[in-house]
Amino acid sequence: MALASPQDASPRGTSPATGAPTGRGAPARTRSARTRPGRRRLLTRGSVPYLLIMPAVLGFAVFKAYPIAASFWISLTTGNGEARQYTGLANYRRLLDDPLFWTALKNTALILVVQVPLMLGLALLVALGLNSAKVWLRPLWRLGVFVPSLTGLVAAGVMFSVILNHEAGLLNWVLSLFGIDRVNWLGSPFWARVGVVLVITWHYTGYNAVMYLAGLQGVPKELYEAAMVDGAGPVRRFLSIALPQLRPILLLTVVLSTIGTLQLFDEPYVLTGGGPDNATLTVTMYLYDNGFKYFDFGYASALAYALALIVSVLGILQVRLMGERR
């Protein structure tokens, strides 16, 4: 009877020389290597959503969050470059005592109070007209109403600077046909504000009208038919059916128009340059002057944060007053 050699006594499934697994034992090692805690997979069902939103988050952090934080730090300093010094709230205290800032804020508020209700009222009337089945070629009229909003702001300002010219302007020529004297649209403080309001109203009325038209077309016709059966007239149907259905869109347009007017820059800059006698100077124009004419970036940043605070407060108040009540 032959004796077994030490090599033959090695465990089944292992190499006699090295003890490494062979045959059926090899897959066991591969499976254990794949499940080791040190080698977790990067792409899992839980990590994929975070990887997908990572580019947007990084873009926001680099191009939005960091500039906002840096601007706030700059608003707490004075000077430029290496001479910049931390001064705390000195720029904000200077802002409260700056008469030119209050003039710019008053001009902006005046344009806001006059222009936004006028523009949105006209947009609602235009939307009601375009929603009527009695209007022929409605797609063509809708296109014509919306086209002004596609015009560049600078191009619109240049165009109206020609139309409102005192000596050879188109508008003064039309007024002269009716025996009305020429109006100094861009040289008088009052008429300069009127000119700015005209440009903004012309540019954005069609945009808001299209939004209102979309809301009106979404109102179920059954509601109108039921109201007509009950004897409700056109005005009553508008006040009781159309207007409540348009409430979310009205809130959206009011908030967006308020924010846009408070940030008004292009139209008065091109038309009047803030004049005459600072009558059309807005907060953003004053911010631009301090930042890029006088290179007082600390004070310009303080103006930006003051404007952001005003916009936030007005936006919250509008949502509270016009939002849905539960």
- Task: Please examine the side chains of R94 and D296, heavy atoms only from C-beta on, and report whether any two atoms are closer than 4.5 Å.
- Result: yes
- Item | Distance-only donor-acceptor check, side chains W185 and N165, under 3.5 Å | no
- Looking at CD1 of I200 and CD1 of I111, how far apart are the two atoms once the value is rounded to the nearest 0.5 Å? 5.5 Å
- Message: With a sphere of 6.0 Å drawn around CZ of R84, does it hold more than 12 non-hydrogen atoms of other residues, nucleotides or ligands?
- Response: yes
- Minimum heavy-atom distance G275-A192, with the two atoms named: O-CB, 4.2 Å
- side-chain contact (heavy atoms from CB on, under 4.5 Å) with M119: which of V197, T205, V114, L124? T205
- Supply the atom-to-atom distance L120 CG to L125 CG, rounded to the nearest 0.5 angstrom. 11.0 Å
- Partner of L307 under side-chain contact (heavy atoms from CB on, under 4.5 Å), picked from T282, L262, L105, is L262
- Stepwise, does the side chain to side chain contact (heavy atoms under 4.5 Å, CB included) test hold for L250 with L243? CA-CA 9 Å; L250 286 171; L243 201 58; 3.8 Å; yes
- Message: What I want to check is whether the side chains of T272 and T280 have a donor and an acceptor closer together than 3.5 Å.
- Response: yes
- Task: Compare all side-chain heavy atoms of V162 with those of L170 and state whether any distance is below 4.5 angstrom.
- Result: no
- Task: Answer with yes or no whether the hydrophobic clustering places V174 together with W191; edges join I, L, V, M, F, W, Y residues whose side-chain heavy atoms lie under 4.5 Å apart.
- Result: yes
- Could you tell me whether the side chain of S176 reaches within less than 4.5 Å of the side chain of R182, counting heavy atoms only? no
- Side chain of D277, backbone of A279: donor and acceptor closer than 3.5 Å? no
- Could you tell me whether F101 and Y286 have their ring centroids closer than 6.0 angstrom? no
- Query: Is there side-chain contact between T253 and M211, with at least one heavy-atom pair below 4.5 Å?
  - Reply: yes
- Message: Tell me which one of D98, T78, L287 satisfies side-chain contact (heavy atoms from CB on, under 4.5 Å) with Y299.
- Response: D98
- Query: What residue pairs, at least two apart or across chains, pass ring pair (Phe, Tyr, Trp, His ring centres under 6.0 Å) with a residue in residues 201-240?
  - Reply: F160-W202
- Task: Identify whether the distance between the nearest side-chain nitrogen and carboxylate oxygen of R237 and D230 falls below 4.0 Å.
- Result: no
- Please examine the side chains of P268 and L264, heavy atoms only from C-beta on, and report whether any two atoms are closer than 4.5 Å. yes
- State, to 0.1 Å, how close S301 and I74 come at their nearest heavy-atom pair, and which atoms those are. OG-CG2, 3.6 Å
- Query: Quick one: does S47's side chain have a donor or acceptor within less than 3.5 Å of a partner on T44's backbone?
  - Reply: yes
- d(L281 CG, D289 CG) to nearest 0.5 Å is 6.5 Å
- Task: Of all the heavy-atom pairs spanning L112 and T258, show the shortest one and how long it is.
- Result: CD1-CA, 3.8 Å
- Query: What are the two closest heavy atoms between A104 and T108, and how far apart are they?
  - Reply: O-OG1, 2.8 Å
- Is there side-chain contact between L175 and N172, with heavy atoms separated by less than 4.5 Å? yes
- Same hydrophobic cluster for L239 and L251, using side-chain heavy-atom links shorter than 4.5 Å among ILVMFWY? yes
- Could you tell me which non-hydrogen atom of N91 sits nearest to which non-hydrogen atom of A302, and how far apart they are? CB-CB, 3.8 Å
- Message: Membership question, hydrophobic clusters at under 4.5 Å side-chain separation (ILVMFWY): are L95 and W102 in the same one?
- Response: yes
- Could you identify which residues cluster with F72, counting Ile, Leu, Val, Met, Phe, Trp and Tyr as linked when any side-chain heavy atoms lie under 4.5 Å apart, either directly or through a chain of such contacts? I68, W73, L76, Y86, L89, Y92, Y305
- Query: Between F292 and Y288, what is the ring plane arrangement, given parallel below 30°, perpendicular above 60°, and tilted in between?
  - Reply: tilted
- Item | Co-members of V313 in a cluster of I, L, V, M, F, W and Y side chains, linked at under 4.5 Å | L309, L317
- CG on N208 to CG on L252, rounded to 0.5 Å: 9.0 Å
- State, with a plain yes or no, whether a side-chain heavy atom of M54 is found less than 4.5 Å away from one of L58. yes
- Task: Might you point out which heavy atoms bring A242 and L216 nearest each other, and give the distance in Å?
- Result: CB-CD2, 3.9 Å
- Message: Is it the case that the side chain of N184 and the backbone of G187 share a donor-acceptor pair, with hydrogens and angles ignored and the cut-off at 3.5 Å?
- Response: yes
- State whether the side chain of T87 and the backbone N or O of A90 hold a donor-acceptor pair below 3.5 Å, judged by distance alone. no
- Task: Please answer: with hydrophobic residues joined when any side-chain heavy atoms are less than 4.5 Å apart, are V145 and L143 in the same cluster?
- Result: no
- Ignoring hydrogens and angles, state whether a donor on the side chain of Q85 or T77 is under 3.5 Å from an acceptor on the partner side chain. no
- Query: CD of E267 to CD of Q115: how many Å apart, nearest 0.5 Å?
  - Reply: 9.0 Å
- Task: Measure the shortest side-chain to side-chain distance between R142 and V210 over non-hydrogen atoms and say whether it is less than 4.5 angstrom.
- Result: no
- Donor-acceptor contact present, side-chain N278 to main-chain T103, <3.5 Å: no
- Euclidean distance, I241 CD1 relative to K221 NZ, rounded to 0.5 Å: 14.0 Å
- Message: In this structure, would V113 and V199 fall into the same cluster of hydrophobic residues linked by side-chain contacts under 4.5 Å?
- Response: no
